[in-house]
Amino acid sequence: MDFIIEAAVKAVKTLYQTELNAADVNLQPTRKEFEGQVTIVTFPFTKFSRKSPEQTGTEIGEFLKNEVKEIAGFNVIKGFLNISLADGYWLDKFYNEILPDDFATSKPNGKKVMVEYSSPNTNKPLHLGHVRNNLLGYSVAEILKAEGYEVVKANLVNDRGIHICKSMLAWQKFGNSETPESTGEKGDHLVGKYYVLFDKEYKKQIDELKSFGQTEEDAKKNAPIIKEAQEMLQQWEAGNEEVIRLWKMMNLWVYDGFGKTYEALGVNFDKFYYESETYLLGKDIVEEGLEKGVFFEKEDGSVWIDLTADGLDQKLVRRSDGTSVYMTQDLGTAQEKYKNFHMDESIYVVGNEQDYHFKVLFLILAKLGKSWAKGLYHLSYGMVDLPSGKMKSREGTVVDADDLIAEMEQTAKAEIEKNGKIDGFGELEKAELYHTVGMGALKYFLLKVDPKKRLLFDPNESIDLQGHTGPYVQYSHARIRSVLKKADYRQSETVKIDLAPIERDLLFSLAQYPETITQAAKEHSPAVIANYVYELAKNYNKFYHEKKILQAEDESSKAFRLQLSSATAKVIKKAMKLLGIEVPERM
RNA sequence: GCACUUGUAGCUCAAUUGGAUAGAGCAUCUGACUACGGAUCAGAAGGUUAGGGGUUCGACUCCCUUCAAGUGCACCA
């Protein structure tokens, strides 16, 4: 709609002798209680016109109507100039832009972006919090692709450290050599079981020590089992063969389990990083920082950066014993990623509990003069909470990802058996559909919320399939496909008809798809897409009820409405794909 | 204590980034299937946008302040 903005700039120049920038013209969709499709807010122009808002709007409206042939009419309410565009404009746009198959497919923008997401610990199965992370990361990657970026999806697996040793140790002590094969249990769940077991034993020992008069703090340090775990970590770092063998074996179990969950979630990765391979990175950066005078060394040999001038604290980057900390490792990994891919932007999908960490990380890299530091972005999302509070793996108060997926499939199955139209589906086809609809509901539920907001999930209330939900959009798609099939639709030629208001609304909705992708990419927010596609489906459903398609008044209307339906189905499908949600032909 | 984030209908979320009478869904109530798919549609009811102050033509949005919730403030990751 740039032509309207340009014309408005010209109008203000001609009428009031004032030069405006395109950005000064506020164009927005007209509210549905008023006539028109787009609205210019004319309040800001009154200071140039020195006339009332109504008069200013009317003058600009007259000018535009005479100047721009696509503008069929206008009305002014207070400082709002509502513009009606001619049907010809909408039909041209529909046939030239929206209906063709390449609608909203943008050309490569020449930029490369890395999206790091998932990044699980290999000591326990994935829970709902991880699910949010995975869906967000995957969707943001898809959105950026649609916007023209070349995308690298990365997964930095946290496969080492004390928490991994805890599972390993507990398995060694209490596991009786059981394996996923021997128990039939999914590998990540089996390992997670021992992580919980470790914690139980650890707590028991703490209580015991406390009963002998130790303070809580001392007991936590002195419990034999935690000391053993720390020893094991040292042995791991020293390359102890037996420990390494155990570590590799149990990690393989976990990867096998994660692989299944990832597949069910429909997410994937182009590049895996493993902390066991990256945890020593960053030492050279510490040296570099010392040389550049960005870091400084204290008497005890520890190395720090002083960020107090930036309103932050002093931050340790190397211990006095010369070993790395989390920050060091992340500095090194960031460098490594850039070395591998030379991307223009790099997005970290990580929970908001690490806001401070990333603020510091990016600031340090900028201070070190890394040219690529400005392309770093922390996509910070809110925690998923239960009504009972925070999820805690060790205490078993988590919503397990695999369980949840299975439940969603069950919910979808029940609904489909009740209302679905799936005569002739084979068992495999049915199972696939239950999965598609169940995951549609789950994914939409998690993605429709602004990422940065925390999410409340009540496991006792199943996720809706009606209303503002994934299945609503999926249903809309299936229904359109059904109509098109019945009509034996093939793209026919251009027709000229008078548009009904609801048809104009639907066209407007469709036309907004490209800028919706742009906005979602800019904000790194799948929620923008989710809300858009719901709005689109809603407009279609309204149209569907108001207008007959197969029994339309005349052949031209029928042809047009079929085309409109087809275009809507295509956009729904594409938009849902950006959320990682499939849409069925029937359901 | 300090820092960051959040607070919108009973519940779950929107609000085109400072624009019109703050919009949807769920739940509640009323209506529409001898229909192209009723997982739908039309309507009713529901609000001091946590409270207070300020900035201006205009504030859910920006500033100040109070309150509430969450997170972070390790030579852990």
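From a predicted model like this one, the values you see are computed outputs, not experimental measurements. Every chain is numbered from 1 and lettered A, B, ... according to where its sequence line falls, protein lines coming before strand lines.
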If the sugar-phosphate is the primed atoms plus P, OP1 and OP2 and the base is the rest, what is the B/S/- string for nucleotides 3-10 of chain B, using protein heavy atoms under 4.0 Å?
---SS---

Please report the distance separating the P of B/A45 from the corresponding atom of B/G51, rounded so that it comes out in whole Å.
24 Å

When you compare the protein's N or O atoms with those of nucleotides 19-21 of chain B, which come within less than 3.5 Å of each other, and at what distance?
residue : atom : partner : partner atom : Å
B/A20   : OP2  : A/Arg31 : NH2          : 2.8
B/A20   : N6   : A/Thr39 : OG1          : 3.0
B/A20   : N6   : A/Asn82 : OD1          : 3.0
B/A20   : N1   : A/Asn82 : OD1          : 3.2
B/A20   : N1   : A/Asn82 : ND2          : 3.4
B/U21   : OP1  : A/Lys78 : NZ           : 2.9

Any strand, both distances under 3.5 Å, Watson-Crick or G-U wobble: B/U5 pairs with B/A69

I'd like the P distance from B/A68 over to B/A27, given in whole Å.
35 Å

Is a donor from one side chain sitting under 3.5 angstrom from an acceptor on the other, for A/Thr469 and A/Asp464?
no

Could you work out the separation of B/C57 and B/A15 based on their P atoms and round it to a whole Å?
27 Å

Just wondering, more than 12 heavy atoms not from A/Lys522 lying within 6.0 Å of its NZ?
no

Write down the distance separating the C1' atoms in B/U5 and B/U30, rounded off to the nearest Å.
43 Å

Is A/Arg586 touching bases, backbone alone, or none of the nucleic acid, heavy atoms closer than 4.0 Å?
base

Taking atom P in both B/A39 and B/U61, compute the distance separating them and give it to the nearest angstrom.
41 Å

Name all pairs fulfilling the ring pair (Phe, Tyr, Trp, His ring centres under 6.0 Å) condition that reach into residues 535-557 of chain A, sequence neighbours left out, sorted by first residue then second.
A/Tyr540-A/Phe543

Considering Watson-Crick and G-U wobble pairs with both distances under 3.5 Å, what does B/G18 pair with?
none

Searching all strands shown, indicate the nucleotide that pairs with B/A24 (Watson-Crick or G-U wobble; both distances under 3.5 Å).
B/U12

Touch class at under 4.0 angstrom, heavy-atom based, for A/Lys298 against every strand present:
nothing

Would you classify A/His545 as touching base, sugar-phosphate or nothing, given that sugar-phosphate means primed atoms plus P, OP1 and OP2, and contacts are heavy atoms under 4.0 Å?
base

Taking the C1' atom in each of B/U34 and B/U28, what is the distance between them to the nearest angstrom?
31 Å

Base-pairing assignment for B/U49 (Watson-Crick or G-U wobble, both under 3.5 Å):
none

Heavy atoms under 4.0 Å, any strand shown: does A/Asn158 hit a base, just sugar-phosphate, or nothing?
sugar-phosphate

Does some side-chain heavy atom of A/Phe560 sit less than 4.5 Å from a side-chain heavy atom of A/Glu503?
yes

Re B/C36: Watson-Crick or G-U wobble partner, both distances kept under 3.5 Å, found to be none

Are OP1 or OP2 of B/U12 and a side-chain N or O of A/Tyr444 less than 4.0 angstrom apart?
no

Under 4.0 Å between any heavy atoms, over every strand shown, what does A/Ala527 touch: base, sugar-phosphate, or nothing? Just pick one.
nothing

Using the C1' atom on both, measure B/A59 against B/G54 and round to a whole Å.
11 Å

Scanning all shown strands, the Watson-Crick or wobble mate of B/A59 with both distances under 3.5 Å is none

Just by distance, no angles: are the side chains of A/Glu116 and A/Tyr273 close enough, under 3.5 Å, to form a donor-acceptor pair?
no

Where does the angle between the aromatic ring planes of A/Tyr534 and A/Tyr472 fall among parallel (under 30°), tilted (30 to 60°) and perpendicular (over 60°)?
tilted

Find the partner of B/A42: check Watson-Crick (N1-N3 plus N6-O4 or O6-N4) and G-U wobble (N1-O2, O6-N3) distances, both under 3.5 Å, and reply none if neither fits.
B/U30

Hey, is the main chain of A/Gln55 close enough, under 3.5 Å, to the side chain of A/Ser52 for a donor-acceptor pair?
yes

